[in-house]
Participant: 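There's a structure below that I have some questions on.
Lettering of chains follows the sequences in order, A, B, ..., and the numbering in each one begins at 1.
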Amino acid sequence: MAYWLMKSEPDELSIQGLEKLGQARWDGVRNYQARNFLRAMAVGDTFFFYHSSCPEPGIAGIGKIIQAAYPDPTALDPDSHYFDPKASPDKNPWTAIDVAHVETFRHVLKLDYLKQQTALAQMPLVQKGSRLSVMPVTAEQWAAVVALKP
DNA sequence: GCCAACGTTGGC
DNA sequence: GCCAACGTTGGC
């Protein structure tokens, strides 16, 4: 069982939105490194739900994988913001997964606070210039964040 | 295969 | 809105 962190803009999907829905498709990832991590996810894996590009960037809660990698339908939808003209039903390079809500933190664990934690120094999340939107989390890092949980 | 130009991410 | 940093594209 592996641990992950995934970023989402709360305007698109927030932890509160996921809580309301119960489950959701995680799609629109258009970066190969992040996509490869999506493909490595297994049903039952858990992830930190990170809010990005918002007033309070940080870890907002926890979700879990309920459906492993499958072709991302938004890549084939001309009306989608994530449409990829180079993708076809036969050759769709992009991947989606399905996730479910597990927990919403009482408040967001803010990025600047996470940056102060030496246990998290190796996470791409806190490293300068890193833009990775899907990343693995070690068991130690997972435990360190859970210990900070509000 | 190199690398400049361009586009995107994401914090601030 | 700015801009640093990264990823992608495309000419050569």
Participant: Polar atom pairs between nucleotides 5-12 of chain B and protein, under 3.5 Å, N or O only, would you list them?
Facilitator:
from    : atom 1 : to      : atom 2 : distance (Å)
dT8(B)  : O2     : R131(A) : NH1    : 2.4
dG10(B) : OP1    : K7(A)   : NZ     : 3.2
dG10(B) : OP1    : R131(A) : O      : 2.8
dG11(B) : OP1    : Y50(A)  : OH     : 2.7
dG11(B) : OP2    : S53(A)  : N      : 3.0

Participant: Rounded to the nearest 0.5 Å, how far apart are CG of D84(A) and NZ of K91(A)?
Facilitator: 12.0 Å
Participant: For the residue pair W26(A) and I65(A), establish whether any side-chain heavy-atom pair is separated by less than 4.5 Å.
Facilitator: no
Participant: Determine, step by step, whether W94(A) and Y70(A) satisfy the ring pair (Phe, Tyr, Trp, His ring centres under 6.0 Å) criterion, reporting the C-alpha distance in whole Å, the side-chain angles of both residues, the deciding distance to 0.1 Å, and the verdict.
Facilitator: CA-CA 8 Å; W94(A) 303 117; Y70(A) 59 93; over 10 Å; no
Participant: Got a sec? Which of residues 71-84 of chain A come in under 4.0 Å of DNA chain C, heavy atoms?
Facilitator: none
Participant: Do F49(A) and W4(A) have ring centres separated by under 6.0 Å?
Facilitator: no
Participant: Hey, could you give me the OH/CZ distance between Y3(A) and F48(A), rounded to the nearest 0.5 Å?
Facilitator: 8.5 Å
Participant: Answer whether the closest heavy-atom distance between the side chains of D98(A) and R25(A) falls below 4.5 Å.
Facilitator: yes
Participant: At under 4.0 Å between heavy atoms, what does K86(A) touch on the DNA or RNA strands: base, sugar-phosphate, or nothing?
Facilitator: sugar-phosphate
Participant: Would one find more than 12 heavy atoms of other residues, nucleotides or ligands at under 6.0 Å from atom NZ of K7(A)?
Facilitator: yes
Participant: Determine which pairs satisfy side chain to side chain donor-acceptor pair (under 3.5 Å) with at least one residue from residues 111-135 of chain A, sequence neighbours left out, and list them in order.
Facilitator: none
